[in-house]
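The next block holds one structure in the form of structure tokens; read it before the comments.
Side chains are part of it too, since the values below use all heavy atoms of this structure and drop only hydrogens, waters and symmetry mates. Just so you know, these numbers come straight off a predicted model, no measurement behind them. Note that the numbering runs from 1 along the sequence shown for the chain.
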Amino acid sequence: MRLLPEPGPARTLALSSLINTIGRGTWLTASALFLTRSVGLTVAQVGLGLTLTALVSLVVSAPMGYLADRYGPRGLQIAAMLASAVCTAALLAVGSFATFLVVGTLMAVVDAAARGSRGALIAGAVPPEQRVRTRAYMRAVTNVGISVGAVLAGVGLAADTRAAYASLILLDALTYLVAAAVLLRLPAVPPVPAPTHGPRLIALRDRPFLAFTVLDGLMSMHFGLLNIALPLWISEHTTAPRWLISACLLVNTVMVVLFQVRASRGTEELTGAGRSARRAGAVIAVACALFAASGGVSAAVAVPLLLAGALVHVVGELWHAAAGWGISFGLAPAHAQGQYQGAYGMGMQLGSMVAPVVVTTLAVGWGVPGWLLLGGLFLLLGLLVPPVVRWAARTRPVEPAATPVPVG
């Protein structure tokens, strides 16, 4: 199996993503300790700042995607990476909550620009039938990059000095610069002229697409199951050893790297993507039931149940990711891929914002009934996606980028 696709635009995009996410992994791993132990912020201040900046990113996602359409996605993507390098280095100047908010807000805007332009760049640089596969490759290498970055961050965390944290931040900034340089190998994707009449941000007026975005965003709460709910569940409500938390995360990472590309097959068209979303909801519901069954039993029973749940969950995760890419690309008009990809990203932002409260309240707070309720919710969300996509497909103009296709 290949980690990188065949030579061409898809490989260039995947290679750039791999380099960038190595640095991203160092920051994700070290950020909380840097902000609390080195800068001196409280945990509450860090949490509030991250919530506020996430809101900013959500609000500006579609407008940033619109800019990618108007001015060309490759240029905006490179500009966003260069700006990200500057903003990341500026973290070294953060000394108070106020400066953290300023730098964090700028990073949120730049991150939104990068997300919107990335989707438009994929849409413009690779043929339509290869877009989902390219996104799958990029997600696979992202998991590799973040894992490598986390290992590198471990060195800095062990030292626990200002100089060590600064080195990790500068490494992150450097990877943005190198990733931007790699993208220079891509041919420029020409900007698409703005419509001569009607509203500019059409994605935010596209009710069926927004309905799908909300469903997909709520479905993305399942990421919080593995990262938030399961560690608390294992440590507080099961007899399983705590090292199993790392084992479950390792299962997830390895499966994404090995099978995300394979799981994306058949989701290039709306028909297959709708079926994939429906399957994802059902499989994640089964995972919730397995996690629920691990409570109140012996370790010999809990361990295989938890590992099976993690394995089943990641299968649903693979199908959910592939379905979202196929639907978001398939429903977007050719002249508005950037803003539609930005709007699609709003759903993921929404899911990441509400997931901590929802999954901890239900799974950890309510126990077995909460896990089962979560499973029923994911099952329902998956069942709702195909009819919503059928509704959206009926409203599409007939054009090569988004030909209406019935959804199964």
Between [X] and [Y], is any pair of side-chain heavy atoms under 4.5 Å apart?
X: Trp27; Y: Thr88; value: no
X: Leu92; Y: Leu170; value: yes
X: Ile327; Y: Tyr344; value: no
X: Arg131; Y: Trp325; value: no
X: Pro333; Y: Tyr340; value: yes
X: Leu50; Y: Val46; value: yes
X: Thr21; Y: Val141; value: no
X: Leu55; Y: Met353; value: yes

**Request:** Would you please say whether a donor-acceptor pair under 3.5 Å links the side chains of Arg133 and Ser264?
**Result:** no

**Message:** Just by distance, no angles: are the side chains of Trp233 and Ser294 close enough, under 3.5 Å, to form a donor-acceptor pair?
**Reply:**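 Yes.
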
Test your reading of the model: is there a side-chain donor-acceptor pair from [X] to the backbone of [Y], 3.5 Å cut-off?
X: His237; Y: Ala363; result: no
X: Gln339; Y: Ile202; result: yes
X: Ser235; Y: Leu232; result: yes
X: Asp172; Y: Leu168; result: no
X: Arg396; Y: Ala392; result: yes
X: Arg279; Y: Trp319; result: no
X: Asp69; Y: Val192; result: no
X: Ser276; Y: Gly272; result: no

**Item:** Worked check of side-chain contact (heavy atoms from CB on, under 4.5 Å) between Asp206 and Leu331
**Value:** CA-CA 10 Å; Asp206 189 338; Leu331 293 178; over 6 Å; no

To check you understand the geometry: which heavy-atom pair defines the closest contact between [X] and [Y], and what is its length?
X: Val261; Y: Ala136; value: CA-CB, 3.7 Å
X: Ala179; Y: Ser16; value: O-OG, 3.0 Å
X: Arg11; Y: Pro5; value: NE-O, 2.7 Å
X: Ala123; Y: Phe329; value: CB-CE2, 4.1 Å
X: Phe100; Y: Gln45; value: CE2-O, 4.1 Å
X: Val189; Y: Ala125; value: CG2-N, 4.1 Å

What do you reckon, is [atom1] of [X] surrounded by more than 12 foreign heavy atoms closer than 6.0 Å?
X: Phe97; atom1: CZ; answer: yes
X: Arg37; atom1: CZ; answer: no
X: Arg162; atom1: CZ; answer: yes

**Request:** Go through the structure and list residues passing ring-ring contact (aromatic ring centres under 6.0 Å, His included) with Phe291, not counting sequence neighbours.
**Result:**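 Phe291 satisfies ring-ring contact (aromatic ring centres under 6.0 Å, His included) with Trp371 only.
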
**Item:** side-chain contact (heavy atoms from CB on, under 4.5 Å) between His222 and Val359, worked out
**Value:** CA-CA 8 Å; His222 72 78; Val359 301; over 6 Å; no

**Prompt:** Among Ile22, Ile19, Asn20, which one satisfies side chain to side chain contact (heavy atoms under 4.5 Å, CB included) with Val178?
**Reply:** Ile19

**Asked** When rounded to the nearest 0.5 angstrom, what distance separates CE in Met348 from CG in Leu218?
**Response**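 With rounding to 0.5 Å, CE (Met348) is 11.5 Å from CG (Leu218).
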
**Request:** Determine, step by step, whether Ile78 and Leu184 satisfy the side-chain contact (heavy atoms from CB on, under 4.5 Å) criterion, reporting the C-alpha distance in whole Å, the side-chain angles of both residues, the deciding distance to 0.1 Å, and the verdict.
**Result:** CA-CA 8 Å; Ile78 292 173; Leu184 291 173; 3.6 Å; yes

**Prompt:** Going by the side-chain hydrogen bond (donor to acceptor under 3.5 Å, both in side chains) test, which pairs reach into residues 97-117, not counting sequence neighbours?
**Reply:** Ser57-Arg115, Ser61-Arg115, Gln77-Ser117, Ser96-Thr99, Asp111-Arg115

**Asked** Between Arg118 and Gln341, is a side-chain contact (heavy atoms from CB on, under 4.5 Å) present by the stated rule, with each step listed?
**Response** CA-CA 8 Å; Arg118 185 181 305 119; Gln341 295 306 311; over 6 Å; no

